[in-house]
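As structure tokens, the structure follows; a few thoughts come after it.
None of these values were measured; they are calculated from a predicted model. We count ligands from 1, going down the list as the structure has it; atoms in each ligand are counted the same way. Numbers here are sequence positions counted from 1.
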Amino acid sequence: MQSDKELILYVDDEEKNLDSFKVIFRKEYNVKVANSADEGLAFMEKNDVSLVITDQRMPNMTGVEFLERIYGLYPDVVRVILTGYSDEEAIISAINKGKVFRYITKPWKKEELQQTIDYALDAYRLRHENKELMHKLSKANNELDEFVYRASHDLRAPVASVLGLINLSKEEWDVTKLKEYVDLKEKSVLKLDSLIKDIIQFSRNSHLRINTDEINFEELVKTSLDSLKHFQAAALIKKTFDINVKSPFISDQFRLEIILDNLISNGIRYANLDSDEPMLNIKIDSDQEKAIICVSDNGVGIDHEQKDKIFDMFYRGTDDNTGSGLGLYIVKETVDKLKGKITVKSSLKEGCEFTVTIPNQVQQ
Ligand code: ADP
């Protein structure tokens, strides 16, 4: 069965040939006809054609010349020619130059032409899929290159800083100074640890298959909040959660942990501790279809121009240099893996609201 989405253009200067082609094939395919090469080219300028079938003998431009033009303009379009035996030489040369996919001798039989159309459309689909895969592969390759380059640079920085502080400590006898160095070393090691955690999350999300666990949201949120106690700011923020589960929710526990941990830790790290009551709220509603996870805070917020960039790899909106700039990128990649969506609403100095929607994997 052919998809009616792919458009076939048939070009012939004889009206009766156009009519019979239409009558024979219009049920199976999405067919358009043109009675000259110029009309065909004009049509292709405005429409996405997958396959062109043309007669060889036409006034002004032969079929081969027409297909050569198309080859130059739309190289992905599959090209088929209908011809009498006397045109053999021109056709063979066009086929050898890769300008024509197949030729059919006239008078054609329906079955033969139909088989050629099916092959041609398959070839078109394969080319199309191939192109998309190449595009994805090259994007993934570029991202990986950038990732390795940036990650190794960011891993080196805290190590270099600790080594420098160790050297200073060796020469230092003043206890106050030594304590200061220990604090700085701790800061660098924590940074290193958090970056390594991000890299592990990134790699596990890319490689591990998707699990189907029954999710206990309350436990997930409590564990995530517990793991953030080491942030000094955490104690100063009022944390509330509201979880409303209507039916069992099946998804990948590890990936949901990644999402919640990152959104919750950002809510704490970007709190506005000068405000009257810094707060972080987690609201989760789930039913048979989906879970909606909303993490909101009244922290420093994100300004309008940054909103499109915060999900980019290594993007940091502040220059305090504490984060890796990977958190939201990993969240976005993880949400994509679970076939979900993430949106953000925010205004500077007023706070942020991240909403994640994840489909329920429960067998319906
Ligand atoms: P990191 O926090 O390590 O810099 P993220 O990818 O987690 O990296 O976040 C990217 C940027 O988005 C942050 O640098 C910050 O500017 C902004 N951001 C993320 N979450 C929040 C939030 N809850 N409140 C304010 N800004 C945020």
Side-chain angles (χ1 to χ4, degrees), residues 143 146-147 149-158 187-206 221 224-225 227-228 230-234 236-241 255-275 277-284 293-337 340-356:
E143 281 191 0
E146 193 191 335
F147 188 84
Y149 175 77
R150 290 288 309 259
S152 45
H153 174 268
D154 285 13
L155 285 167
R156 274 280 300 142
K187 234 175 156 180
S188 293
V189 172
L190 282 176
K191 178 139 200 247
L192 194 60
D193 184 50
S194 128
L195 185 57
I196 291 170
K197 194 190 89 213
D198 285 348
I199 293 172
I200 291 171
Q201 285 186 345
F202 172 76
S203 149
R204 292 184 72 186
N205 177 55
S206 323
V221 170
S224 176
L225 286 170
S227 71
L228 297 165
H230 68 275
F231 280 114
Q232 278 173 353
L236 307 169
I237 297 165
K238 184 175 171 204
K239 297 168 284 292
T240 50
F241 58 86
R255 289 188 166 85
L256 283 175
E257 267 168 32
I258 294 185
I259 297 168
L260 276 167
D261 280 0
N262 279 292
L263 293 181
I264 293 176
S265 75
N266 278 354
I268 291 175
R269 288 167 50 230
Y270 298 107
N272 176 5
L273 297 178
D274 296 331
S275 77
E277 192 173 47
M279 69 93 193
L280 173 73
N281 181 252
I282 302 131
K283 186 167 180 344
I284 301 178
I293 302 168
C294 184
V295 180
S296 53
D297 61 65
N298 61 353
V300 298
I302 300 166
D303 80 24
H304 192 68
E305 279 147 37
Q306 288 186 324
K307 250 192 259 175
D308 291 339
K309 301 184 197 145
I310 55 173
F311 296 104
D312 290 352
M313 191 192 274
F314 291 107
Y315 179 81
R316 291 185 189 122
T318 55
D319 26 63
D320 66 0
N321 203 25
T322 54
S324 66
L326 280 175
L328 288 180
Y329 170 72
I330 294 171
V331 169
K332 173 84 175 62
E333 291 281 301
T334 311
V335 170
D336 284 350
K337 266 263 152 94
K341 270 197 193 126
I342 181 163
T343 55
V344 57
K345 279 194 219 152
S346 178
S347 324
L348 205 56
K349 297 195 178 135
E350 290 189 5
C352 280
E353 182 181 290
F354 286 90
T355 305
V356 177

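Nearest protein heavy-atom contact of atom 7 (O) of ligand 1 is Asn266 ND2, 2.9 Å. Atom 5 (P) of ligand 1 has as its closest protein heavy atom Leu328 N, 3.6 Å. With hydrogens left out, the protein atom closest to atom 12 (O) of ligand 1 is Ile310 CG2, 3.3 Å, a heavy atom. Of the protein's non-hydrogen atoms, Tyr315 O, 3.3 Å is the one closest to atom 10 (C) of ligand 1. Summary of contacts: the protein heavy atom closest to atom 23 (N) of ligand 1 is Asp297 OD2, 3.0 Å. What sits closest to atom 26 (N) of ligand 1 on the protein, heavy atoms only, is Ile302 CG1, 3.3 Å. Counting only heavy atoms of the protein, atom 25 (C) of ligand 1 lies nearest to Tyr270 CB, 3.5 Å.
Here CG of Asn262 is found 8.5 Å from CZ of Arg269. Values are rounded to the nearest 0.5 Å.
Residue Gly317 approaches ligand 1 through these ligand atoms, each under 4.0 Å from one of its heavy atoms: 11 (C), 13 (C), 14 (O), 16 (O). Taking every non-hydrogen atom of Gly327 and a distance limit under 4.0 Å, the qualifying atoms of ligand 1 come out as 5 (P), 6 (O), 7 (O). The atoms of ligand 1 that sit less than 4.0 Å from any heavy atom of Gly301 are 25 (C), 26 (N). In summary, the atoms of ligand 1 found under 4.0 Å from a heavy atom of Arg316, numbered by their order in the structure, are 4 (O), 14 (O).
Heavy-atom neighbours of Lys283 NZ from other residues, nucleotides or ligands within 6.0 Å: above the threshold of 12. Atom NZ of Lys345 has 12 or fewer neighbouring heavy atoms from other residues, nucleotides or ligands inside a 6.0 Å radius. Other residues, nucleotides and ligands contribute more than 12 heavy atoms inside 6.0 Å of the NZ atom of Lys239.
Only the side chain of Arg269 comes within 4.0 Å of ligand 1, judged by heavy-atom distances.
Counting only residues at least two apart or on different chains, the salt bridge (charged side-chain N to carboxylate O under 4.0 Å, His left out) pairs with a member in residues 323-336 are Lys332-Asp336.
Ligand 1 has Ser324 within reach: a non-hydrogen atom of the residue lies less than 4.0 Å from it.
Under a 3.5 Å cut-off, the side chain of Asp193 and the backbone N or O of Val189 do not form any donor-acceptor pair.
Of all the listed residues (Cys352, Gly323, Gly325), Gly325 holds the heavy atom that lies closest to atom 8 (O) of ligand 1.
Taking the six-membered ring where tryptophan is involved, the planes of Phe314 and Phe147 are tilted, since the angle between them lies from 30° to 60°.
Applying the side-chain hydrogen bond (donor to acceptor under 3.5 Å, both in side chains) criterion to Asp297, with sequence neighbours excluded, gives no partner residue.
Nearest approach of Asp154 to Arg316, heavy atoms of both residues: OD2-NH2, 3.4 Å.
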